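Keep in mind the model is a prediction, meaning the values are calculated, not measured.
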Amino acid sequence: MRLLPADYALRNAGRRPLRTAITVFSSLLVTAVVAGTTAFVRGLEHANLQAAPPRTAILLSNASQRDIVRSAITPATADIVAADVKGIARIGGVPAVSAEVHLATSVRVNDDPVERQGFLRGITERAFLVHDGVTIVEGRPPRAGEALVGRLVSQKLGLPEGTVGLGDAIAVEGGSFRVSGVFRAPGSTIESEIWVPLVEIQGLSNRDDISAVFARVETDDDLALVDLFAKRNLDLELLYLSAADYYRELAAYFGPLRDFAWLMAGLIALAALFSGANTQNAAVQDRIRELATLRAMGYSGFALVFSLVQEALLVASLGAIAGLLLARGLISGSAVNLAMTAFALDFDGLVVVLAFGAALLVALVGTLPAAWRVMRLPIATAIKEDA
């Protein structure tokens with residue numbers, strides 16, 4: 001089977017620059033939207049799942065309805081768990097059991113009079129034994145009157161990136177903390193939190209209880225021992241959850257938002273699909289005598305369709321590359337402030353593949369109506385048509 005020269009499609013794309021430019025822009029738009037949507041969805045899902053420390057149990061109050069902020073349990077629970085539950089991991093002889101207060105509250109930074117919504121975690125030094133994904137990249141752990149902030153705290157507070165750093169003052173619950181360090185917890189919502197000493201935040205918030213106990217165990221099977229502990233000690237009124245399940249439920253909570261993002265991306269891709277189909281049909285109409293002449297010269301309908309597909313994919317590829325570069329520039333290093341957390345957009349290889357593939361798929365499907373018309377092209381009638 002004889003095919004048209006490979007450069008034929010390239011030359012045709014350059015013969016109608018305005019139409020080609022419109023098609024390139026359409027492809028760019030589809031690629032950028034799909035890339036942004038995919039990065040958002042992956043960032044949203046990974047942020048919650050990555051926040052779950054491995055082999056870790058969470059103990060909340062029965063009345064909390066699985067909401068860690070609403071939970072209130074006795075501080076002695078942490079020591080009881082460390083003493084009674086076999087299988088608790090020990091690092092340097094210290095049990096990996098972290099008593100914590102989780103608090104959504106108003107935050108002021110330095111002399112800024114505006115109060116912003118932030119998320120605080122009251123901790124002891126044992127928190128680092130459980131949350132081993134946390135790495136201090138600047139400064140040191142907090143002491144009395146100090147705070148440790150995640151790298152996304154600025155974005156969570158609605159401030160420019162890097163606004164909250166070493167030496168800055170953070171006012172919360174009537175008290176003030178000086179930032180002693182900055183930490184990273186790649187890909188997790190923890191990066192948007194402010195960590196302060198447990199005892200101090202208890203005093204400022206007038207509470208003698210804690211929100212939860214995080215207990216790390218040696219093996220996955222040992223999680224059942226923590227569950228058994230919660231069920232046996234009815235007086236403590238505890239609810240057991242594995243950290244993986246807890247953060248998986250948080251990810252599922254944002255499911256409707258994720259579905260809406262995909263719906264918007266799909267609608268834009270659908271609009272681009274109809275636009276591409278109309279453009280290809282118009283291109284065939286404008287070149288009907290040319291295509292009929294090629295058929296008369298012995299080129300098959302398949303050869304002409306193959307050339308149309310080559311042209312469509314070439315133009316779509318140009319738009320897709322531009323769209324990926326645009327999305328990369330806008331997304332790289334960006335974070336989304338959502339509810340009580342913030343998370344980084346995840347621009348990875350899968351984002352590139354899906355976005356580029358979506359642009360090519362739209363171009364390919366949009367060519368089908370024109371391809372059908374070419375395959376049914378009546379040579380004698382088409383040659384007589386006006387150009």
Side-chain angles (χ1 to χ4, degrees), residues 1-39 265-331 347-377 379 382 387:
M1 180 184 298
R2 190 166 57 138
L3 298 177
L4 289 164
D7 63 343
Y8 181 77
L10 178 61
R11 286 187 282 110
N12 271 321
R15 286 169 58 187
R16 296 170 178 83
L18 179 59
R19 181 174 294 164
T20 298
I22 293 174
T23 306
V24 167
F25 178 77
S26 178
S27 179
L28 180 153
L29 183 62
V30 170
T31 305
V33 170
V34 172
T37 301
T38 307
L267 290 176
I268 291 177
L270 188 62
L273 174 62
F274 285 117
S275 174
N278 288 334
T279 300
Q280 286 293 348
N281 272 319
V284 170
Q285 178 62 40
D286 289 347
R287 297 161 54 189
I288 191 121
R289 290 185 64 188
E290 171 193 342
L291 296 172
T293 302
L294 291 172
R295 285 290 300 274
M297 292 171 60
Y299 288 101
S300 66
F302 176 82
L304 301 185
V305 169
F306 186 78
S307 180
L308 286 176
V309 170
Q310 279 185 312
E311 181 180 340
L313 293 181
L314 173 63
V315 174
S317 296
L318 292 175
I321 292 172
L324 285 173
L325 292 175
L326 175 63
R328 174 76 177 182
L330 294 176
I331 292 174
F347 195 97
D348 58 10
L350 182 61
V351 172
V352 174
V353 170
L354 288 180
F356 199 92
L360 296 185
L361 180 62
V362 168
L364 185 61
V365 174
T367 307
L368 293 180
W372 174 253
R373 187 177 180 189
V374 168
M375 293 295 290
R376 300 175 65 249
L377 186 67
I379 300 176

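Applying the side chain to side chain contact (heavy atoms under 4.5 Å, CB included) test to Ile321 and every residue at least two apart in sequence or in another chain returns Leu325, Phe356. Annotation: side chain to side chain contact (heavy atoms under 4.5 Å, CB included) contacts of Leu270 (sequence neighbours excluded): Leu273, Phe274.
In plain terms, the two heavy atoms of Ile331 and Gly36 that are nearest each other are CD1-CA, 3.5 Å.
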For residues 27-35, please give each side-chain donor-acceptor pair under 3.5 Å, one per line with the distance, not counting sequence neighbours.
from, atom 1, to, atom 2, distance (Å)
Ser27, OG, Ala316, O, 2.8
Ser27, OG, Ala320, N, 3.4
Thr31, OG1, Ser27, O, 2.8

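Just one residue in the list Leu364, Leu368, Leu314 forms a side-chain contact (heavy atoms from CB on, under 4.5 Å) with Val309, and that residue is Leu364.
Between Leu313 atom CG and Leu361 atom CG the span is 10.0 Å, to the nearest 0.5 Å.
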